[in-house]
Amino acid sequence: MSDLTLLQQITDYSNRHDPYPLYARLREKPVHHDETGPYVIGGYHEVLALLHDPRISSERRNRTATTALPGQEDGDDGGTLPPNFLRLDPPEHDRLRAITNRPFGPPHSPHRVDGMRGELKTIVTDLIDALDGDEIDLVERFSYPFPVTVICRLLGVPREDESRFHGWADTLVATLDPQPGQDVAERDRTAQQARIELGLYLNGLIEERRKSPGDDMLSQLSTGDGPEGRMSGMEVLSTAALLLIAGHETTVNLITNGMLTLLRHPEVLERLRADARLAVPLVEELLRYEPPVQMVPSRTPITDIEVAGTTIPKGAPLWLMLASANRDPKRFADPDRFDPDRVDVQHLGLGSGIHSCFGAPLARLEAQLALAELARRLERPRLVEDPPPYRTNAVLRGPRQLRLAIDGVRR
């Protein structure tokens, strides 16, 4: 390991189970850079400032060099669609995000997320009811199917088509988590075919909604007119793909990291079992302590900028390490301790600034409901393997499996 640079160690799979000691080393300098790599920022105050800095671009065309990680582009569409708003700068970013927000949240649709609470509870209940046996993989049986089902309901995918939608999601998500020895050409071919099929399906659904709109988000994106205008058909497709992949992946990891953390802190699990209200502050501390998105490796300055005395040149690749910032002792007391009673948890687990997580209200609610019900209903859950096997992706960090032994499910 000694012949690897610090950044190579952070992204090396052997350290995926616990990258936090490496983040502590990263924070020893405000800016970490070696001649072949990106400029890497790990301190809370520096990362927060850069997330809000208008001189920092999200557009690929502004990069003079790239240092790609597998699956680093959240919501990547393989080049078959125009860039979604995560990969755009103002003013185009602001236009598309504002249009998307009209049917999703305040001020135009303030009850969209909270109005789904009953439906989310039903999905959670059904998934937990289906758990059987004395050992389960929480990812396969719960953490994965829950959010993709929610996205289907949010977009307005007919119930009879949800299984097809799940299949496309499975294929596309697999590209974010490449496995050793995998046939890369075959994987890419399969993913491209899934993108085409999903695009054709969504395009047909959009046409149906334009003729006969409902109350779902796809209808409102397809037909809504506001001061920002209306999305083109391709923009609706790109936004729907973003909601499917980026929104789904964040929640899978949040729930799985959350259950793993609770099982490592059984006293907190018992508190949550006794009082579901603890889920609200607990999820905020989880977003700080084990964020589902570890880093933002797709930024670049559009002019030379100075960070703590170091000049980062225009066009250079810039990585903002959210998970490192969340454990910065200059911002959080005793940062390596999981404490759901922590006050002032202004974490960066869902980003900050204009690109803060669009689906944050939904992700929070999904995680709160999921963890509270799992804590209440699983009888004596225990980890079969600790640490569990992690996904290869260094950006979207979470267990690939979370095998639990249980004594049963409370009815």
Side-chain angles (χ1 to χ4, degrees), residues 110-131 134 136 138-139 141-147 149-150 250-292 326-327 332-350 357 359-384 386 388 398-399 402-411:
H111 304 297
R112 165 71 71 183
V113 172
D114 197 60
M116 295 184 71
R117 184 181 294 268
E119 189 164 21
L120 298 184
K121 283 185 176 179
T122 299
I123 298 169
V124 167
T125 297
D126 290 346
L127 287 169
I128 296 178
D129 283 347
L131 298 178
D134 54 11
I136 60 169
L138 192 75
V139 176
R141 301 290 298 276
F142 185 89
S143 304
Y144 184 87
F146 175 37
T149 301
V150 173
T250 300
T251 310
V252 172
N253 287 346
L254 179 56
I255 293 171
T256 310
N257 289 337
M259 198 62 191
L260 175 61
T261 301
L262 287 171
L263 290 166
R264 288 171 171 171
H265 297 80
E267 72 288 352
V268 181
L269 179 62
E270 287 303 315
R271 286 180 60 192
L272 180 60
R273 177 176 289 127
D275 184 2
R277 293 174 297 180
L278 181 64
V280 175
L282 184 146
V283 166
E284 294 312 303
E285 173 69 344
L286 279 172
L287 284 163
R288 183 199 70 82
Y289 182 77
E290 285 277 32
N326 279 346
R327 299 259 190 133
F332 299 104
D334 199 4
D336 292 322
R337 181 167 62 91
F338 176 65
D339 179 10
D341 300 314
R342 188 183 294 273
V343 295
D344 187 29
V345 192
Q346 297 296 314
H347 59 76
L348 302 179
L350 295 169
C357 177
L362 183 59
R364 282 184 164 104
L365 182 58
E366 287 177 277
Q368 291 162 11
L369 293 172
L371 293 173
E373 278 300 284
L374 288 167
R376 185 178 73 85
R377 296 192 58 193
L378 296 186
E379 297 273 13
R380 216 167 70 83
R382 291 95 68 198
L383 288 170
V384 172
D386 191 13
L402 191 67
R403 290 165 57 211
L404 307 182
I406 57 174
D407 287 355
V409 176
R410 290 185 180 93
R411 297 299 170 184

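- Residues Pro281 and Val283 are not in side-chain contact: their nearest non-hydrogen atoms beyond the backbone lie 4.5 Å or more apart.
- The heavy-atom pair separating Gly349 from Pro292 by the smallest distance is O-CD, 4.5 Å.
- To the nearest 0.5 Å, atom CD of residue Gln368 and atom CG of residue Leu272 are 10.5 Å apart.
- No donor-acceptor distance shorter than 3.5 angstrom exists from the side chain of Arg380 to the backbone of Gly408, with no hydrogens or angles considered.
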Practice problem: Quick one: do Leu286 and Phe338 satisfy side chain to side chain contact (heavy atoms under 4.5 Å, CB included)? Show the steps, please. | Solution: CA-CA 8 Å; Leu286 279 172; Phe338 176 65; 3.8 Å; yes
Quiz item: Under the salt bridge (charged side-chain N to carboxylate O under 4.0 Å, His left out) criterion, do Arg342 and Asp334 qualify, and how do the steps go?
Solution: CA-CA 10 Å; Arg342 188 183 294 273; Asp334 199 4; 5.9 Å; no
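- Two residues are said to be in side-chain contact when any heavy atoms from C-beta on lie closer than 4.5 Å; Leu263 and Pro381 meet this criterion.
- Nearest approach of Thr125 to Arg377, heavy atoms of both residues: O-NH1, 3.7 Å.
- Atoms CG and OH, on Asp336 and Tyr289 in that order, are 7.0 Å from each other to the nearest 0.5 Å.
- Here the NE2 atom belonging to His265 is positioned 12.0 Å from the CZ atom belonging to Arg271, to the nearest 0.5 angstrom.
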Self-check item: Verdict with supporting geometry, Lys121 and Glu373, side chain to side chain contact (heavy atoms under 4.5 Å, CB included)
Solution: CA-CA 9 Å; Lys121 283 185 176 179; Glu373 278 300 284; over 6 Å; no
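- Taken from CG in Leu138 to CG in Leu378, the straight-line distance is 7.5 Å, to the nearest 0.5 Å.
- Both the sub-6.0 Å distance and the 45° axial angle are not jointly satisfied by Arg327 relative to the ring of Phe332.
- When every heavy atom of Pro399 is checked against every heavy atom of Asn257, the shortest pair comes out as CD-OD1, 3.2 Å.
- Between the side chain of Asn326 and the backbone N or O of Leu348, at least one donor-acceptor pair lies under 3.5 Å.
- Contact check for Glu379 versus Ile406: no side-chain heavy atoms found under the 4.5 Å cut-off.
- A salt bridge does not link Asp134 with Arg382: none of the charged nitrogens is closer than 4.0 Å to a carboxylate oxygen.
- Around the CZ atom of Arg277, the shell of radius 6.0 Å holds no more than 12 heavy atoms that belong to other residues, nucleotides or ligands.
- For the salt bridge (charged side-chain N to carboxylate O under 4.0 Å, His left out) test, residues two or more places apart in sequence or in another chain that qualify with Arg403 are Glu135, Glu385.
- Without hydrogens or angle criteria, Arg376 side chain to Ala274 main chain gives no donor-acceptor distance under 3.5 Å.
- With respect to Val124, the side chain to side chain contact (heavy atoms under 4.5 Å, CB included) criterion is satisfied by exactly one of Thr122, Asp126, Leu127, Ile128: Ile128.
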Practice problem: Assess whether side chain to side chain contact (heavy atoms under 4.5 Å, CB included) is satisfied between Leu365 and Leu369, documenting all intermediate values. | Solution: CA-CA 6 Å; Leu365 182 58; Leu369 293 172; 4.0 Å; yes
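- Looking only at side-chain heavy atoms (C-beta outward), Pro340 and Leu278 come within less than 4.5 Å of each other.
- Here the closest non-hydrogen pair linking Ala367 and Ile255 is CA-CG1, 4.1 Å.
- Under the 3.5 Å distance criterion, the side-chain polar atoms of Glu285 are matched with a main-chain donor or acceptor of Asp339.
- The CG atom of Leu287 lies 4.5 Å from the CG atom of Leu350; values are rounded to the nearest 0.5 Å.
- One distance of note links CD of Glu284 with CG of Leu282; it measures 10.0 Å at 0.5 Å rounding.
- Between Leu120 and Phe146, the shortest heavy-atom distance links the atoms O-CE1, 4.0 Å.
- In terms of heavy atoms, Leu383 sits closest to Leu404 at CD2-CD2, 3.9 Å.
- Proximity of a side-chain donor or acceptor of Arg141 to a complementary backbone N or O of Ile136 within less than 3.5 Å is not detected.
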